[in-house]
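The block underneath contains the structure these notes are about, expressed in structure tokens.
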Number of protein chains: 2
Amino acid sequence: MARIKDVALLAGVNRSTVSRIINGEGKFRADTKRKVEQAMAELNYRPSAIARSLATASSNMTGLLVTYYTGGFFGEMMNQVQTELDLHKKFLITAQGHHSAEGEREAICRFHALRCDGYVLNSRYLSDDELRLLAKEPTPFVLLDRSVEGLESRCITFDHSLAGQMAVDHLINQGHRKIACITGPLNRTNSRQRYQGYLNALSTADITVDQTLCAEGNYGRESGYLAAKKLYQSHPDLTALFSCNEEMMGGALQFFHENNVSVPQQVSLVSFDSIDRCASFYPTVSAVHFPISKMARVAVEVLINLIEDKDISIDRHFEPQLVIRHGDRVI
Amino acid sequence: MARIKDVALLAGVNRSTVSRIINGEGKFRADTKRKVEQAMAELNYRPSAIARSLATASSNMTGLLVTYYTGGFFGEMMNQVQTELDLHKKFLITAQGHHSAEGEREAICRFHALRCDGYVLNSRYLSDDELRLLAKEPTPFVLLDRSVEGLESRCITFDHSLAGQMAVDHLINQGHRKIACITGPLNRTNSRQRYQGYLNALSTADITVDQTLCAEGNYGRESGYLAAKKLYQSHPDLTALFSCNEEMMGGALQFFHENNVSVPQQVSLVSFDSIDRCASFYPTVSAVHFPISKMARVAVEVLINLIEDKDISIDRHFEPQLVIRHGDRVI
DNA sequence: TTGAAAGCGCTAACAA
DNA sequence: TTGTTAGCGCTTTCAA
């Protein structure tokens with residue numbers, strides 16, 4: 001593979017001239033420029049991003065930690081981050097956390113090893129303390145969908161509790177009283193907040209909470225199916241169900257279909273949803289929209305400001321929005 | 001960030017000694033090793049993968065081109081490739097082709113710029129000729145789910161035509177004659193092959209092909225919905241449907257549910273499926289399994305053999321397998 | 001078992 | 001407008 005030296009030799013100029021022309025820095029005689037460009041073409045020269053990184057002490061790489069590559073939620077996150085990075089001509093390095101603090105740590109090590117200029121963390125298992133410690137190191141990072149005291153300027157946040165409350169309020173306003181809930185893993189903060197929203201809505205409406213109307217899932221489709229089964233079999237008279245994500249709602253719907261529980265005639269549904277999956281269910285299901293797409297874009301913007309040491313103020317907090325569809329009704 | 005020089009200084013040894021200890025090359029006095037390790041810990045030293053790349057002329061990075069990051073199919077591909085690369089301590093660089101030859105070319109440029117040791121291409125838009133040309137360059141690559149004459153040793157292949165035929169044979173064996181088909185985009189080879197399998201099955205069974213029983217989709221869920229609608233409305237007497245992927249089958253199922261077409265009583269279904277999505281439909285749907293997971297793993301294995309210039313023979317061709325579920329029945 | 005020194009491909013002062 | 005030169009942080013011969 002041709003090096004800058006070869007190009008310089010062929011064009012009869014100095015290496016630094018070639019370097020300047022590549023990077024468009026300064027002025028050159030038209031003749032010189034032509035010769036260099038011709039030499040580059042002839043040799044099929046492609047600058048080494050690696051050598052450049054070493055020389056400039058900036059890799060132009062940006063890391064992104066997600067839990068998994070699979071699943072519509074993470075795919076959308078990666079997609080948005082890549083799109084935003086493309087705008088800035090930066091490389092994306094992805095890594096999976098695999099549902100453990102150790103996995104997340106390893107991912108960050110990878111970002112450090114590659115000397116990423118910065119990274120976006122969708123971290124679920126590192127403690128606030130560990131993140132605060134990490135923030136003392138020179139490489140900047142941003143937290144996507146997480147709120148850590150002391151790191152506010154790097155946090156892209158969403159009010160999960162309010163979102164959950166809005167969803168359940170909607171059901172209550174339709175006259176529902178016996179409302180079941182499928183939660184995410186309650187060892188995770190955001191999951192607990194969504195659940196808290198459910199509790200807040202009930203309590204505001206003076207509806208007594210019945211623990212047996214709540215089942216814990218793991219955000220996977222199968223867990224939604226099983227939770228719906230458990231809830232429906234113990235409470236065949238429930239009139240509404242709130243699911244804390246779209247995948248579990250898909251599973252729940254499958255259970256209702258299989259058991260001839262008509263939606264929304266027998267059971268009204270409302271879900272959390274980040275990727276408008278609920279629009280493609282049968283029937284379509286109302287949902288509070290969790291705007292992960294926009295949040296991911298903003299995460300990159302904030303990160304780049306951090307990297308470039310700019311001080312631009314960007315709104316980092318996002319509000320839930322209720323999208324009404326057909327899977328629920330007034331009773 | 002601490003450099004190897006700092007570690008050497010602190011430990012009172014030469015830089016090359018530190019380097020050797022890091023890479024475990026040669027023998028050292030226990031005392032030296034201890035001193036160096038202590039110095040590394042004290043300085044929180046992390047070797048720069050970038051500097052190492054430059055020095056060794058090997059970046060330890062591997063590229064992967066997919067069409068998009070979203071969608072279960074590509075997510076699974078990335079997941080498997082990453083898992084396999086982790087085993088070999090290699091970094092993954094992903095890029096999206098975005099449904100165009102230009103996009104795929106740009107992705108490859110990126111791999112070259114980063115001096116990836118090799119890359120895996122799930123290329124859909126580069127011509128065979130262009131790929132053959134690319135193969136003349138020194139960086140090795142492997143083609144995932146593609147067959148190019150002259151590049152056989154780098155192709156991980158699947159018999160899409162046979163798979164399609166097996167799916168439709170199954171329906172024919174159940175007594176179906178009026179079998180509709182939702183194809184993928186027919187400008188793509190693999191899509192055409194799946195469709196060809198449908199045609200082959202009919203022709204083998206002496207069933208006349210009715211073009212109006214076929215509709216072209218784009219592998220997206222929505223297109224499956226629309227295709228099912230078109231097909232069912234023009235042929236309410238069709239008894240079976242073959243979908244060329246799982247997403248479109250999901251859309252078709254939604255149409256049938258919404259219009260009270262019972263499955264499998266009125267319409268039997270069989271699909272292509274790479275990620276066992278059909279197991280989570282209601283009802284579950286039989287499918288020919290397209291083993292993209294295994295193929296992705298093998299792609300990496302083959303690539304690594306290429307990179308390391310090993311000559312290990314690996315089976316690169318995969319056979320379809322029919323998975324029977326509940327969405328079809330004998331008539 | 002360790003050290004000295006050259007070099008990977010590029011950029012960036014400083015000079016001219 | 002262009003050339004000279006010294007690194008960037010690491011590995012790797014060769015020598016000791």
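The figures that follow rest on heavy atoms only: side chains count, while hydrogens, waters and symmetry mates do not. Convention: sequence-line order gives letters A, B, ...; per-chain numbering from 1.
What separates CZ of A:Arg52 from P of D:dG9 is a distance of 18 Å, to the nearest Å. The interatomic distance linking A:Leu54 (CG) with D:dC8 (C1') rounds to 4 Å, in whole Å. Protein atom CD1 of B:Ile22 is 14 Å distant from nucleotide atom P of D:dG9, rounded to whole Å. Remark: P of D:dC10 and CG of B:Asn60 are 15 Å apart, rounded to the nearest angstrom. Atom CD1 of A:Ile4 is separated from atom P of D:dG3 by 12 Å (rounded to the nearest Å). Look at CD1 on A:Ile50: it is 13 Å from P on D:dT11, rounded to the nearest Å. Counting to the nearest Å, the P atom of D:dT1 and the CZ atom of A:Phe28 are 9 Å from each other. A:Lys33 places its NZ atom 16 Å from the C1' atom of D:dT2, with the value rounded to the nearest Å.
Protein chain B contacts DNA chain C from C:dT1 to C:dG9, reading 5' to 3' and using non-hydrogen atoms of the protein with a distance under 4.0 Å.
Of the listed residues (A:Asn190, A:Asn122, A:Thr189, A:Asp128), just one forms a side-chain hydrogen bond (donor to acceptor under 3.5 Å, both in side chains) with A:Arg146, and that residue is A:Asp128. A side chain to side chain contact (heavy atoms under 4.5 Å, CB included) with B:Leu143 holds for exactly one of B:Thr157, B:Ile156, B:Val148; it is B:Val148.
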- Item | B:Met61 vs A:Leu114, side-chain contact (heavy atoms from CB on, under 4.5 Å): CA-CA, chis, key distance, verdict | CA-CA 10 Å; B:Met61 298 192 226; A:Leu114 286 171; 4.2 Å; yes

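The overall bend of the helix from C:dT1-D:dA16 to C:dA16-D:dT1, read as the angle between its terminal helix axes built from five base pairs each, is 30° when rounded to 10 degrees.
For B:Arg316 and B:Glu301, the salt-bridge test fails: no basic side-chain N is under 4.0 Å from an acidic carboxylate O. A salt bridge links A:Arg105 with A:Glu102: the closest approach of a Lys/Arg side-chain nitrogen to an acidic carboxylate oxygen falls below 4.0 angstrom.
Annotation: A:Phe158 is not in aromatic contact with A:His317 [ring centroid separation under 6.0 Å not met]. You'll find the ring centres of B:Phe290 and B:Phe73 inside the 6.0 Å limit.
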Which atom pairs link the protein and nucleotides 12-15 of chain D when you take only N or O atoms and keep those under 3.5 Å?
residue : atom : partner : partner atom : Å
D:dT13  : O4   : B:Arg20 : NH2          : 3.3

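Evaluation of the ring pair (Phe, Tyr, Trp, His ring centres under 6.0 Å) rule for B:Tyr125 yields B:His99 as partners, not counting sequence neighbours. Residues passing the side-chain hydrogen bond (donor to acceptor under 3.5 Å, both in side chains) test with A:Ser293 are A:Glu76, sequence neighbours excluded.
The aromatic rings of B:Tyr68 and B:His98 sit perpendicular to each other, their planes meeting at more than 60°, with 30° as the lower class boundary.
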Residues 86-93 of chain A side chain polar contacts: donor-acceptor under 3.5 Å, at least two apart:
residue : atom : partner  : partner atom : Å
A:Asp86 : OD1  : B:Arg110 : NH2          : 3.3
A:Lys90 : NZ   : A:Asp117 : OD2          : 3.4

